[in-house]
Asker: 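One structure follows; several queries about it will come next.
Values below: all heavy atoms of this structure, side chains included; hydrogens, waters and symmetry mates excluded. A, B, ... follow the sequence lines: proteins, then strands. Residue 1 opens every chain.
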Amino acid sequence: MADLKVKIAGIKMKNPVMLASGTCGFGEEFSRIFDLNLLGGIIVKGTTLKPRAGNKPPRAAETPYGMLNSIGLQNPGVFAVINEKLPFLRQFDLPVFVNIAGNSKEEYAELARLLGNAKGVSALEVNISCPNVKHKNSGLFCQDLGDVYAITRAVKRQSRVPVFVKLSAEVSDFKETVKTAVRAGADGLSLINTLRGMAIDIKTGKPKLANIIGGLSGPAIKPVGIRAVYEAFSQVKVPIIGMGGIASAEDALEYLIAGASAVAVGTASFYDPLTPISITKGLKKYFEDKPSDSVSKIRGRISF
Amino acid sequence: MADLKVKIAGIKMKNPVMLASGTCGFGEEFSRIFDLNLLGGIIVKGTTLKPRAGNKPPRAAETPYGMLNSIGLQNPGVFAVINEKLPFLRQFDLPVFVNIAGNSKEEYAELARLLGNAKGVSALEVNISCPNVKHKNSGLFCQDLGDVYAITRAVKRQSRVPVFVKLSAEVSDFKETVKTAVRAGADGLSLINTLRGMAIDIKTGKPKLANIIGGLSGPAIKPVGIRAVYEAFSQVKVPIIGMGGIASAEDALEYLIAGASAVAVGTASFYDPLTPISITKGLKKYFEDKPSDSVSKIRGRISF
Amino acid sequence: MKKQKYNIQVFAAGVLSLKETPGGYFKMKLAASGIAKAARPGQFISLQVNASGMPLMRRPMGIFSANKGAVEILFKAAGKGTEMLSRKKQGESVSVLGPLGNGFSVREELRHAILVAGGYGVSPIAFLYEELRKRKITTTVIIGAKNKKLIFKEGFSNPIITTEDGSEGFKGLVTERLNAACAGFACGSSAVFACGPVPMLKAAAEVSEKHGIECQVSMESLMACGVGVCLSCVCAVKEGMDTGYKRICADGPVFDSREIVWRT
Amino acid sequence: MKKQKYNIQVFAAGVLSLKETPGGYFKMKLAASGIAKAARPGQFISLQVNASGMPLMRRPMGIFSANKGAVEILFKAAGKGTEMLSRKKQGESVSVLGPLGNGFSVREELRHAILVAGGYGVSPIAFLYEELRKRKITTTVIIGAKNKKLIFKEGFSNPIITTEDGSEGFKGLVTERLNAACAGFACGSSAVFACGPVPMLKAAAEVSEKHGIECQVSMESLMACGVGVCLSCVCAVKEGMDTGYKRICADGPVFDSREIVWRT
Ligand SMILES: Cc1cc2nc3c(=O)[nH]c(=O)nc-3n(C[C@H](O)[C@H](O)[C@H](O)COP(=O)(O)OP(=O)(O)OC[C@H]3O[C@@H](n4cnc5c(N)ncnc54)[C@H](O)[C@@H]3O)c2cc1C
Ligand SMILES: Cc1cc2nc3c(=O)[nH]c(=O)nc-3n(C[C@H](O)[C@H](O)[C@H](O)COP(=O)(O)OP(=O)(O)OC[C@H]3O[C@@H](n4cnc5c(N)ncnc54)[C@H](O)[C@@H]3O)c2cc1C
Ligand SMILES: Cc1cc2nc3c(=O)[nH]c(=O)nc-3n(C[C@H](O)[C@H](O)[C@H](O)COP(=O)(O)O)c2cc1C
Ligand SMILES: Cc1cc2nc3c(=O)[nH]c(=O)nc-3n(C[C@H](O)[C@H](O)[C@H](O)COP(=O)(O)O)c2cc1C
Ligand code: FES
Ligand code: FES
């Protein structure tokens with residue numbers, strides 16, 4: 001039996017297949033479809049200090065082999081997450097990454113203090129790349145190297161558990177952004193968040209999203225994700241969770257070879273909730289044929 | 001008969017449907033398939049001072065509803081373009097935009113001097129967003145606001161014809177980038193160039209492109225292009241040529257409503273060379289049903 | 001560790017039959033015994049129309065009937081997805097996810113139900129109608145459409161038909177007929193169940209509320225996941241003093257009309 | 001204004017027949033009279049395998065025959081695109097672009113042709129063979145494959161077969177047989193025409209050049225456009241003192257072997 005175990009930033013996982021933030025809630029719904037214990041890990045919905053209602057609907061649109069979303073971080077707030085959501089997840093033998101989002105460095109620090117010390121949290125994923133919330137200059141925090149440094153550092157100071165910084169590929173200097181996060185103390189990186197996009201219904205002339213602009217995800221963006229992971233791997237040594245358009249074991253392998261230590265499934269879970277399970281099966285099969293090989297060995301193993 | 005005439009930066013076009021740079025050569029090949037006179041305009045292959053052999057093959061890869069390319073600006077150089085390519089295009093009643101690419105501000109200026117005054121050139125499209133050539137810090141010129149300003153200004157000083165600056169959406173501050181180009185004198189914008197991406201053949205472990213990283217184009221990136229055009233239109237008044245994933249009259253209308261004054265077809269011409277013709281037909285049909293409406297009237301007409 | 005109950009299935013369901021019906025619908029019968037056993041009226045399933053992934057999202061469809069190992073749906077070829085679905089052949093298979101959503105809730109005390117259907121809303125209403133008949137609850141059925149050609153009334157006995165152009169039944173919208181029905185049955189043991197376009201639901205809600213009758217409306221939205229994880233399908237609801245959002249796929253699609261914040 | 005000649009067509013071609021053949025190929029016959037009339041051996045067409053746009057790119061296919069308004073291709077179900085193509089039904093249509101490429105060039109003085117085919121390279125070689133027969137040019141045909149099962153030899157009279165495992169004909173690669181053939185026909189009025197995997201083409205080039213015989217090789221590459229506009233399909237060629245790139249789709253697919261810079 002091929003062994004798919006990996007260890008990222010000290011966290012042991014049964015396999016490298018995780019669920020991406022915002023595409024699996026807090027695990028409850030998918031637990032009605034498959035056994036969450038089969039997952040390598042789960043990254044729960046972006047959590048904010050206060051409960052957030054999220055953006056006005058419509059919040060999603062279908063695009064060529066992808067989708068746009070502008071959920072706007074609807075979530076019950078950090079206290080409900082700690083008191084109601086984490087206890088549910090503690091029933092499973094499953095590393096839990098909590099994705100956090102704030103409006104300021106201080107909010108990120110406070111979230112890190114609360115969640116980075118909470119029971120049942122294996123790691124924090126710091127979302128500084130959400131296109132669905134308005135930051136100071138209506139951009140993403142990760143588009144400003146100063147913010148990347150300051151927020152990562154503030155979170156790192158408060159958190160007992162490893163800190164993964166989640167970045168977007170929509171930056172002018174991606175390699176520098178990656179290095180800045182690691183210099184500030186990031187234990188790992190999550191790559192990539194959605195790309196900012198938009199769609200218009202030509203019949204009504206209205207944007208398909210009430211929020212006008214949203215985040216593009218799904219198979220369409222896979223080449224951008226692969227490129228980001230490859231570039232990050234060439235710059236820094238920390239583990240990378242690769243994501244963006246993963247829908248099959250082949251896609252997962254492509255990310256691992258590009259330099260990911262683990263992968264997360266997002267949009268593909270919507271059209272096939274069993275995607276993570278079939279990916280794990282596919283990886284098992286792949287490594288069964290190559291007993292001397294392993295998930296960690298193929299990391300970054302590109303032939304030129 | 002619906003009238004599709006448009007005028008952008010003083011250039012009169014029969015219709016708003018152009019061919020995008022690098023996806024139509026210098027017109028010769030497509031002239032064997034359809035009448036180039038049916039086009040609104042043509043934007044020819046990126047032209048450099050010296051002839052360029054381009055990158056090593058393989059130079060293209062298929063991706064989910066898109067493709068990667070790393071042609072690397074193979075072209076015969078500015079003198080061959082002036083002496084051999086432009087005379088061919090002068091046979092047609094067709095605005096010709098010449099896409100120029102340099103390694104420095106000085107090269108762009110020289111190209112603008114030569115082409116911006118050459119017979120049969122209607123406008124220059126300044127490619128400062130090509131992911132397939134190495135610039136100083138291996139990034140794109142358009143990722144540096146200083147370069148955007150300096151190159152645009154240098155080109156503008158030399159060119160007798162209108163100057164369109166072609167940008168990528170892969171920048172940290174897109175609105176500022178757009179404003180910088182216009183402040184420096186751009187008469188129009190071309191949005192968007194490809195997104196940097198990568199694909200790996202998991203069987204061989206090799207990148208699918210010899211150049212490793214290439215540019216992502218095709219339907220997959222349409223939402224990013226629509227967003228870029230919308231954001232640019234909200235910032236500046238100059239005409240915008242919208243491109244990125246246009247494959248149908250509906251796609252073209254989506255770009256026009258987002259704020260484009262004209263559109264260019266790229267990747268779709270590869271799988272269906274008649275795409276520009278069917279788009280023009282589709283637009284005619286659309287406006288026939290709405291006699292009081294026109295291409296220029298629907299520009300930017302989003303209902304909120 | 002808690003014993004989990006896997007009560008949402010996803011699998012390739014065989015197409016047992018596909019027929020065109022009056023009203024311009026397609027009726028598709030799928031082999032789906034697990035879903036057939038569990039399904040309640042008002043629940044839905046979500047279908048992948050093309051294994052190649054284009055279109056990307058599943059298409060949600062109300063359950064029309066659930067019997068003997070098979071589930072039926074009734075759909076319009078409205079766009080590219082449903083168009084593709086309408087061209088499936090008997091013997092092919094379609095990936096199905098379900099049963100999804102809460103379904104209508106039929107109180108113990110219910111004695112008379114007023115069912116209001118518009119467009120393909122007639123599909124879950126037909127399932128509910130069967131269920132109510134089994135439970136010996138009397139019904140008034142009101143079916144509205146633009147014109148005669150768009151009417152599907154199979155299986156209902158003596159439905160009240162309203163058409164906007166008067167080509168069948170009463171001329172006009174369902175509102176007036178519903179008003180009359182509510183006037184006749186305004187008491188705690190009746191309820192209105194409505195499924196159709198939002199303006200119809202809103203009107204049904206207003207009429208029912210005016211008469212003080214409970215009204216359950218089945219809402220709809222584009223759905224990316226259908227199971228409650230993506231938060232894309234929400235509708236605005238009154239939450240205490242605030243407006244919040246609930247997921248149509250998982251908290252709905254059926255809501256008490258008084259909960260909904262109708263958008264104008 | 002110059003009168004333009006539109007000599008590349010793009011249209012929906014009806015599938016007249018589709019059969020499996022020896023060697024594990026599919027032979028598809030398409031209604032394409034314009035292409036059939038214009039096509040020369042060594043040219044190809046490019047097919048859109050799925051109208052939904054997945055896969056995105058057309059698939060290039062050598063022309064196997066061009067007769068009476070129909071064009072035939074011979075293909076392997078190698079990956080997802082050709083797999084889909086192999087499931088087309090008679091009566092369906094496929095968008096076809098062509099004829100594309102330069103084709104083999106047969107000099108006036110040619111008296112004897114040595115044809116070398118590997119894999120689906122046999123398809124354009126078969127078309128060339130027919131053409132040469134019509135022109136009364138004698139031929140030596142050498143077909144190589146891994147094993148007997150992969151051999152397609154329909155229509156050739158007395159081809160020389162080589163298989164890597166010796167299951168049919170000579171054991172080994174085509175090289176040795178080609179060497180013998182070249183030794184027998186080494187003069188200015190013979191030429192070698194090769195189509196198959198790159199290592200085979202390279203070997204054919206080396207052998208021919210050693211014997212001083214002209215050798216035309218048909219190259220291949222992934223092709224985004226097929227018509228010469230995208231520059232994605234290039235191969236390295238000697239250009240004076242330099243190495244340059246030529247487009248396989250438009251400048252080729254057939255090249256004089258001495259022009260090619262073989263990549264190791
Ligand atoms: C809970 C629920 C139950 C439904 N039950 C039925 C049913 O029983 N019979 C039936 O015919 N239809 C039903 N629908 C609607 C059906 O899902 C849509 O008509 C279908 O998704 C349209 O897909 P398409 O590809 O054909 O259309 P598209 O080409 O995608 O779009 C056509 C139109 O449909 C709208 N649309 C697209 N996707 C959805 C979606 N997921 N939900 C709602 N509207 C959408 C678009 O905005 C557009 O106006 C139901 C929808 C929901 C949410
Ligand atoms: C000029 C020319 C003529 C050809 N003639 C024939 C023919 O007569 N019969 C035949 O069976 N095949 C022919 N081919 C090859 C055929 O085009 C490919 O096998 C086909 O494109 C693979 O598509 P797929 O989707 O099945 O494979 P994929 O799933 O895309 O890939 C399977 C394998 O094929 C390779 N491949 C993918 N696309 C191409 C492409 N456009 N060209 C070459 N290789 C590719 C991939 O790298 C991969 O190794 C020809 C190719 C060229 C360039
Ligand atoms: C509906 C939706 C909601 C998302 N919410 C979040 C979120 O709350 N926090 C976050 O960091 N990323 C969020 N993402 C981004 C995903 O985690 C992931 O980075 C992205 O979708 C790319 O992966 P995919 O292509 O597999 O979906 C969301 C994505 C989608 C589609
Ligand atoms: C093969 C290929 C070559 C290209 N070459 C150039 C180029 O030389 N100069 C340039 O500015 N853009 C070039 N582009 C980018 C296109 O002009 C266009 O901006 C981009 O492909 C998005 O449009 P599309 O999705 O319709 O292809 C090229 C694109 C492709 C696919
Ligand atoms: S569709 Fe995803 S939450 Fe309802
Ligand atoms: S495939 Fe485009 S130039 Fe050859």
Asker: Answer with side chain, backbone, both or neither: which region of A:Ala61 has an atom nearer than 4.5 Å to a non-hydrogen atom of chain C?
Answerer: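 It is the backbone, since no side chain atom gets that close.
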Asker: Quick check for you: among C:Arg59, C:Met223, C:Gln9, which has the greatest number of heavy-atom pairs under 4.5 Å with chain A?
Answerer: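 Answer, by heavy-atom pair count under 4.5 Å with chain A: C:Arg59.
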Asker: Rounded to the nearest 0.5 Å, how far does OG1 of A:Thr23 lie from CG of C:Leu231?
Answerer: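 The distance works out to 10.5 Å.
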Asker: Kindly give the heavy-atom pair with the smallest separation between C:Cys225 and A:Phe270, and that separation in Å.
Answerer: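 Minimum heavy-atom contact is CB-CD2, 3.5 Å.
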Asker: Using 0.5 Å steps for rounding, measure from the CD atom of A:Glu29 to the CG atom of C:Leu100.
Answerer: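 Here the interatomic distance stands at 11.5 Å.
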Asker: Can you say whether A:Lys45 sits under 4.5 Å from chain C via the side chain, the backbone, both, or neither, judging by heavy atoms?
Answerer: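 Just the side chain, heavy atoms under 4.5 Å.
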Asker: Without swapping roles, check the side chain of A:Arg59 against the backbone of C:Cys230 for a donor-acceptor pair under 3.5 Å.
Answerer: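 No: the side chain of A:Arg59 does not pair with the backbone of C:Cys230.
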Asker: So what's closer than 4.5 Å to chain C heavy atoms on A:Pro219: side chain, backbone, both or neither?
Answerer: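 Side chain of A:Pro219 only, per the 4.5 Å heavy-atom cut-off to chain C.
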Asker: Looking only at atom types and distance, does a side-chain atom of A:Glu62 sit under 3.5 Å from a main-chain N or O of C:Pro55, one as donor and one as acceptor?
Answerer: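 Not at all, since once roles are kept as given, no pair shorter than 3.5 Å links the two residues.
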Asker: Which heavy atom in C:Asn7 sits nearest to a heavy atom in A:Arg32, and how many Å separate them?
Answerer: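 Nearest heavy atoms, C:Asn7 then A:Arg32: OD1-NE, 2.7 Å.
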Asker: Calculate, to the nearest 0.5 Å, the distance between atoms CG and OH belonging to A:Asn55 and C:Tyr245 respectively.
Answerer: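 Nearest 0.5 Å value for the CG-OH distance: 7.5 Å.
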Asker: So which of A:Gly25, A:Pro57, A:Gly66 has the biggest tally of heavy-atom pairs under 4.5 Å with chain C?
Answerer: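 If we count pairs closer than 4.5 Å to chain C, A:Pro57 comes out on top.
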Asker: Restricting to non-hydrogen atoms, name the atom on C:Val229 and the atom on A:Phe30 that form the minimum distance, rounded to 0.1 Å.
Answerer: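 That would be CG2-CZ, 3.8 Å.
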Asker: For the side chain of C:Gln48 and the backbone of A:Asp272, is there at least one donor-acceptor N/O pair under 3.5 Å apart?
Answerer: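 Side chain of C:Gln48 to backbone of A:Asp272, a donor-acceptor pair under 3.5 Å: no, none is there.
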Asker: Can you tell me how far apart CE (C:Met57) and OG1 (A:Thr63) are? Round to the nearest 0.5 Å.
Answerer: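 So the CE of C:Met57 and the OG1 of A:Thr63 are separated by 8.0 Å.
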Asker: Measure from the side-chain N and O atoms of C:Arg58 to the backbone N and O of A:Tyr271, and report whether any donor-acceptor pair falls under 3.5 Å.
Answerer: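 Pair found, side chain donor or acceptor close to backbone of A:Tyr271.
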Asker: Could you tell me whether A:Lys206 atom NZ has more than 12 heavy atoms of other residues or ligands within 6.0 Å of it?
Answerer: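 No.
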Asker: For C:Lys88, does the NZ atom sit with more than 12 other heavy atoms under 6.0 Å from it, leaving out its own atoms?
Answerer: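 More than 12 within 6.0 Å, yes.
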Asker: With rounding to the nearest 0.5 angstrom, report the CG to OG1 distance, C:Leu56 to A:Thr267.
Answerer: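 Between C:Leu56 CG and A:Thr267 OG1, I get 7.0 Å after rounding to 0.5 Å.
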Asker: Enter the distance from A:Leu209:CG to C:Ser232:OG here, rounded to the nearest 0.5 Å.
Answerer: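 One gets 10.0 Å once the value is rounded to the nearest 0.5 Å.
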Asker: If I compare all heavy atoms of A:Pro273 with all of C:Val10, which pair ends up nearest, and what's the gap?
Answerer: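 Shortest heavy-atom separation between A:Pro273 and C:Val10 comes out as CD-CG2, 4.2 Å.
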